[in-house]
Amino acid sequence: MNSPATLSPRDDACTLTSTQAINEAMTRIQARLDEQREFLRDRLSRLYGHRPDFRDWFERLLAHVVDLAARRPDELRQLDEQRLAHPGWHLGPNMLAYTAYADKFANGLKGVEGQVPLLKELGVTYLHLLPFLKARSGESDGGFAVASFEEIEPRLGTMRDLEALAATLRHAGISLCSDFVLNHVADDHPWAVAARQGDPHYRGFFHVFADEADAARHELHLTQVFPQTAPGNFTHVDDMGGHVWTTFYPYQWDLNYANPHVFESIVLALLRLANRGIDAFRLDSTAYLWKREGTRCMNEPEVHWILQALRSIVQIAAPAVLLKAEAIVPTSELPPYFGEGDARGRECHLAYHSSLMSASWLALAEQRATVLRGVVRDTPALPEGGSWITYVRCHDDIGWGVLKPELRILGEPEYRLLYASQFFAGRIEGSYSAGAPFQAHVEAGVHGTNGMAAALVGLARAGTPEEETDAIRRLLMLYALTFTFGGIPLIYMGDEVGLGNADDEAVRSGVDGRELHRPRFSEAAWLRRHVSGTREHKVFAGLCELIALRRVTPALAADVPTSVLDVADAAILAIRRGEDFVGLSNFSQRSVTLDLSAHIGDATWVDLVDGTRVDMGAVQLPPWGFTWLSKGP
Ligand code: GLC
């Protein structure tokens, strides 16, 4: 007898033309299913195996997965095959990511198609568009309160626009990454609406405590993401007759993954989007997926089983797709997101390295790279196929909390973070920054920092040519580090031309301080990238030079080992990639001369930027400068 998840060719299954092609596709799906079945069963039975209906549920789930696999359009199926044949396709030094809001970048999805020449000019191969699915009406946390996984936010376009955009990008060699907000849904998502109306099936999709004491008991152990604007992790909702778990804003209701129907609904929604042509998913707030009383409810083992099961399903139904973990957690808690033990390399392909990002800003504020070195040293080699997303800025604040464990390891006080936070707010004597603190409960508290990179490095406030030069050096040095470390570097929209902070109604309304670094794309600034003498030109040309150089430097591929050289000057970060490459960053305002001979041996090294031979006994770095060195012939 056929189990529900055994394949048979279907007439309406896909757009393949010949029966032979259909049969071949089905055979391949079946082979992938066979390959994954036991692992997937294991992970899901850890989560849901205690339920009497587990077997039936599991088979039904597989049947849905297979059905969606069979419906995958031809072109995506071909992509699946290509990427399966070259599983390291996303690790090369050609990979470059760009991230933007569709509306701020181009007035919506159709407009983004019009920006493909810009992306090509930069050499972008991966575009992360911030949330574009239908958002909650009213406040929506920048679209992170999703009201439907099946519809596009009407302001931004339609599903047809999304498919067209995905195809255009694909043909231009650019992967489209979408946010996939799987920890919570908006309080006006149909699941939440049904739950409010008393539907027990959907009520089970959420965590609700009728008794306030239960919520309070959990709260004791939890951290707060938005302590100032959304304190606490629970929201009393009259219609629900209790306290709903809301880690983020009160209108973002956490999903209850102890309920297998939640897992199933989420997975199938993701596969449907994958079939529209999205080929990477940024899995939002992954650390919070599983709740366990008495814990912080972050990074629980079940989170990883959920993600491993998700990866396994993607491997069956849409193997071209990349999964990227957004887990803003300290360095030591990140490696599990790539999969460990028998699941090594079987979880997410990518993860943000937020500690590296925050530590590089701390190094800039303090003019010393000690914490940053610690972060690099504590970053383990990734499993095959794994890669970091390295970045200078993104749509969120620079979170300082991830560095607390690093400071503890170094025996350093936490007030160093407060110093950085005050520095970037321009509150320290000599600071050049025009940022702002984010969510600090009290004036002297530390949580995050907002601001565009250009504003934080001093470009916005630069009044003299010297100040401008210094600010641009700082910006390029930070980007050079993201290009050097190993992974996919991400450019945040506007940084390519040194765009400053937003100055609009969203900022003035003060609803969410992160709006400060969510400006609209500036056509005028973009046009100035080719006008020599302008700051836009200086930033753009500097960045493009690095991008071009990186692309032809095999040592900068994601899978080449990264290590840190223990050089004497604390202002310097010296990163070695494999045997042939060393990247140096000077976080201080001093010119530095470094003796690297003890670290490097007596080979000949050249400066990659200008091709000149370098005396490794006396390597020169200008203030806030960087150097890329390569072993010579
Ligand atoms: C992620 C997003 C952030 C959002 C939060 C809640 O951290 O990056 O912008 O507020 O999730 O969805």
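When a ligand or atom number is given, it counts from 1 through the structure's own listing order. Along the sequence shown, residues are numbered consecutively beginning with 1.
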Practice task
Mark up the atoms of ligand 1 that fall under 4.0 Å of a heavy atom belonging to His184, in ascending order.
Solution key: 6 (C), 12 (O)
Exercise for the section: Please tell me if the side chains of Ile266 and Ile306 come closer than 4.5 Å, counting only heavy atoms from C-beta onward. Expected result: no
Exercise for the section: Return the orientation label for the Phe226 and Phe438 ring planes: parallel under 30°, perpendicular over 60°, tilted otherwise. Expected result: perpendicular
Exercise for the section: Could you tell me how the ring of Phe149 sits relative to the ring of Phe180: parallel (under 30°), tilted (30 to 60°) or perpendicular (over 60°)? Expected result: tilted
Practice task
Under 4.0 Å from a heavy atom of His395: give me the atoms of ligand 1 that qualify, with their elements.
Solution key: 2 (C), 3 (C), 8 (O), 9 (O)
Exercise for the section: Report yes if some heavy atom in the side chain of Asn256 is under 4.5 Å from a heavy atom in the side chain of Phe205; otherwise report no. Expected result: no
Handout entry: Heavy-atom gap Gly142 to ligand 1 smaller than 4.0 Å
Key = no
Practice task
Using a strict cut-off of 4.0 Å, indicate which atoms of ligand 1 neighbour a heavy atom of Glu326.
Solution key: 1 (C), 7 (O), 8 (O)
Practice task
Around atom 2 (C) of ligand 1, find the nearest protein heavy atom and jot down its residue, atom name and distance.
Solution key: Asp284 OD1, 3.2 Å
Exercise for the section: Give a yes/no on ligand 1: does Phe226 have at least one heavy atom closer than 4.0 angstrom to it? Expected result: yes
Practice task
Please determine which of Tyr352, Phe338, Phe483 meets the ring-ring contact (aromatic ring centres under 6.0 Å, His included) test together with Trp388.
Solution key: Phe338
Exercise for the section: Have a look at Leu130, Asp396, Asn183 and point out the one with the heavy atom closest to atom 8 (O) of ligand 1. Expected result: Asp396
Problem - Distance filter under 4.0 Å to Arg282 heavy atoms, resulting ligand 1 atoms - result: 2 (C), 8 (O)
Completion exercise
Per-atom filter on ligand 1: closer than 4.0 angstrom to a heavy atom of Gln252 are 6 (C), 12 (O)
Completion exercise
min-distance protein heavy atom vs atom 10 (O) of ligand 1 -> Asp141 OD2, 2.6 Å
Handout entry: Flag side-chain contact, heavy atom, 4.5 Å: Ser285 against Glu326
Key = yes
Handout entry: Arg518: which of Asp397, Asp396, Asp103 passes salt bridge (charged side-chain N to carboxylate O under 4.0 Å, His left out)
Key = Asp396
Exercise for the section: Look at the aromatic rings of Phe424 and Trp361 and report parallel, tilted or perpendicular, splitting at 30° and 60°. Expected result: perpendicular
Handout entry: Which of the ligand 1 atoms, numbered from 1, are nearer than 4.0 Å to a heavy atom of Arg514
Key = 3 (C), 4 (C), 9 (O), 10 (O)
